[in-house]
Amino acid sequence: SPPAIIAPSILSADFAELGKACSDTIHQGADWLHVDIMDGHFVPNMTFGAPVVTKIRSHVERPAAAHGRGTFDCHMMIAEPKRWVRDFKKAGCDLYCFHYEAAVDSTAADSPSGTSSAKTSPKELVRFIHSEGLQAGIAIKPGTPVHVLWEILDNPVKEEVPDMVLVMTVEPGFGGQSFMADQLPKVTALRQKYPNMHIEVDGGLSEKTIDQAADAGANVIVAGSAVFGAADPGQVIKKLREAVDS
Ligand code: DX5
Ligand code: ZN
């Protein structure tokens, strides 16, 4: 697997001190910031939108290179992922990770007269995200089988292939839920097929669950409550990294 990337989820940070929380976590050793965007439709909860991302961006230095420190990893738990790509690019998002379920393949969207559909096929959405100069990620919920990703990933057209897959290890919507170990066979299957791809796990990751996720082959580790709830967040980040890189 590629080296560990630790991405604290700011969903568990103090929203009244968000800028400081973001810069603190980077100084404590985090690689990326995981930014959870929820619209109250795709998931039964709401967080914040592009204006807040614009404000917190100024507290964290832009990454020097793709996948570098300070990458804003925006996890878009929203019903209309295509609609917000440009706003989030302007706000300073680096990696736009949409949900497969929100962008289900729609033949209507691909047909010449199919402009009425709000849905875009995943590969078209990845192409659009790339054309806007962002990295693209695709996320799957616990109920979505991993095989839906094969035709998206086994595509010779590079612009249409996501840079990262996010395997949810809780039902999206809330921080602080229990890790679903039954999701890990998806990670194992992805890692077997794609030795160099970024595979992210999100939900319930902590010092207790990291070994299982690392053994399965995950390298991008999201942790919300485990990092922001810790007395020494830097120590937690270090432990998570060691578990993946050892
Ligand atoms: C859940 C979010 C996660 C969440 C993880 O919908 O996608 O990023 O913040 O929180 P923990 O690490 O506390 O499970
Ligand atoms: Zn998330």
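Residue numbers count from 1 along this sequence. Atoms within each ligand, like the ligands themselves, are counted from 1 in listed order.
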Requested in this report: Kindly give the atom name of the N, O or S atom of Asp36 closest to the Zn ion (ligand 2).
Outcome: OD1
Requested in this report: For Gly176, take its heavy atoms, then give the atoms of ligand 1 lying under 4.0 Å from any of them.
Outcome: 10 (O), 11 (P), 13 (O), 14 (O)
Query raised in the report: In the protein, what heavy atom is nearest to atom 6 (O) of ligand 1, and what distance, to one decimal place, separates them?
Result: Gly173 N, 2.7 Å
**Report entry** Angle subtended at the Zn ion (ligand 2) by Asp202 OD2 and His75 ND1, rounded to 10 degrees
**Finding:** 90°
**Report entry** Salt-bridge contact Arg83-Asp39 (side-chain N to carboxylate O under 4.0 Å)
**Finding:** no
Query - Ala223 neighbourhood, listing ligand 1 atoms whose heavy-atom distance to it stays under 4.0 Å - result: 12 (O)
Requested in this report: Return the residue, atom name and 0.1 Å-rounded distance of the protein heavy atom closest to atom 9 (O) of ligand 1.
Outcome: Ser9 OG, 2.8 Å
Report summary line: min-distance protein heavy atom vs atom 3 (C) of ligand 1 -> Asp202 OD1, 2.9 Å
Query raised in the report: Heavy-atom distance to atom 2 (C) of ligand 1: which of Val43, Asp36, Leu166 wins?
Result: Asp36
Query raised in the report: Does at least one non-hydrogen atom of Gly203 fall below 4.0 angstrom from an atom of ligand 1?
Result: yes
Query raised in the report: Any idea which atoms of ligand 1 are less than 4.0 Å away from a heavy-atom of Leu11?
Result: 4 (C), 9 (O)
Query raised in the report: At what distance is the nearest protein heavy atom to atom 13 (O) of ligand 1, and which residue and atom is it?
Result: Ser225 OG, 2.5 Å
Query raised in the report: So with a 6.0 Å cut-off around CD of Glu61, is the heavy-atom count from everything else above 12?
Result: no
Requested in this report: Would you mind checking which non-hydrogen protein atom is closest to atom 10 (O) of ligand 1, with the distance to 0.1 Å?
Outcome: Gly175 CA, 3.5 Å
Query raised in the report: Tell me: protein heavy atom nearest atom 14 (O) of ligand 1, and distance?
Result: Gly204 N, 2.8 Å
Query raised in the report: Which residue supplies the protein heavy atom nearest to atom 1 (C) of ligand 1, what is that atom called, and how far is it?
Result: Phe174 O, 3.5 Å
